[in-house]
Amino acid sequence: MNQKAAPTVVADDVVVTMAYTLTVNGKVIDTSEESDPLIFLQGYRNIIPGLERELYGLNIGDTKKVIVKPEDGYGDEDPEAFMEVPRNDFPKEIPLEVGTELEIRDEDDETLLATIDRVTKDSVRLNFNHPLAGKTLEFDVKILDLRAATEEELEHGHAHGGEEEDFEEFDFEDEEDN
Ligand code: ZN
C-alpha cells in the first residue's frame, strides 16, 4: 500500500481542520462556532503567516492563543488609502455612519471595498485599507483534525473540502500590498 501515515502534528503538507475565534480590541470579530471550522493546507500561506507559523507541532485537540501583529497579519494601514468625499455625492439611502462598509466601483470598473472612517457635516472619509489592516489580531484556535494532503491538493496548493467546489480560480487573499 502506498498510503501515507496519518499525520499526528501540524506540519507542512498537512490538511488542518481548525476551530477559531478572532478577537480584535476585545471584540469578537469572527468565530467558527457560527460558521464552520477552517480547513486549510499548512505551509502554503492559505492563512495569514503570523497564525500559520504558530501552528507547527500542534496535536489534534490542542488549543492555543496566538497574537498576530499587523505586519504578520493584514499589514499596516496605508495612510494614502483614504479619500475624502463630499457628503452630497452619496445616495440618500446609504447610512453615513462610521464603520459602514461600501462597495465602490472605480474608473476601471473594479469593485473596491471601503469603510466609512469619519463623517463630518460636509464630507465623508473613506478608508480603502483592509478592515483588519493595522490591527493586532488575537486568535484562539483548536485543532480538530489532521490528514495528509492528496497529490492534487499539493499541486493546487490548497485543501479540497468534502463537497465544496474547487475554488482555485479565486485568488481572494492575493492583495497587492501583501
Ligand atoms: Zn484545487
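First listed ligand is number 1; within each ligand, the first listed atom is number 1. One is the number of the first residue; the rest follow in order along the sequence. As the structure is a prediction and not an experimental result, all values here were calculated from the model. When reading the values below, keep in mind they use all heavy atoms of this one structure, side chains included, and skip hydrogens, waters and symmetry mates.
- Here Glu110 does not pair with Arg105 in a salt bridge; the nearest charged N to carboxylate O distance is not below 4.0 Å.
- With contacts defined as side-chain heavy-atom distances shorter than 4.5 Å, the pair Phe139/Ile48 qualifies.
- Residues Tyr74 and Asn129 bring no donor and acceptor atom of their side chains to less than 3.5 Å of each other.
- Residue His156 approaches the Zn ion (ligand 1) most closely through its N/O/S atom ND1.
- The side-chain heavy atoms of Phe128 and Ile104, taken from C-beta on, include a pair separated by under 4.5 Å.
- When distances from the Zn ion (ligand 1) to the N, O or S atoms of His158 are compared, NE2 comes out shortest.
- Atom NE2 is the N/O/S atom of His160 found closest to the Zn ion (ligand 1).
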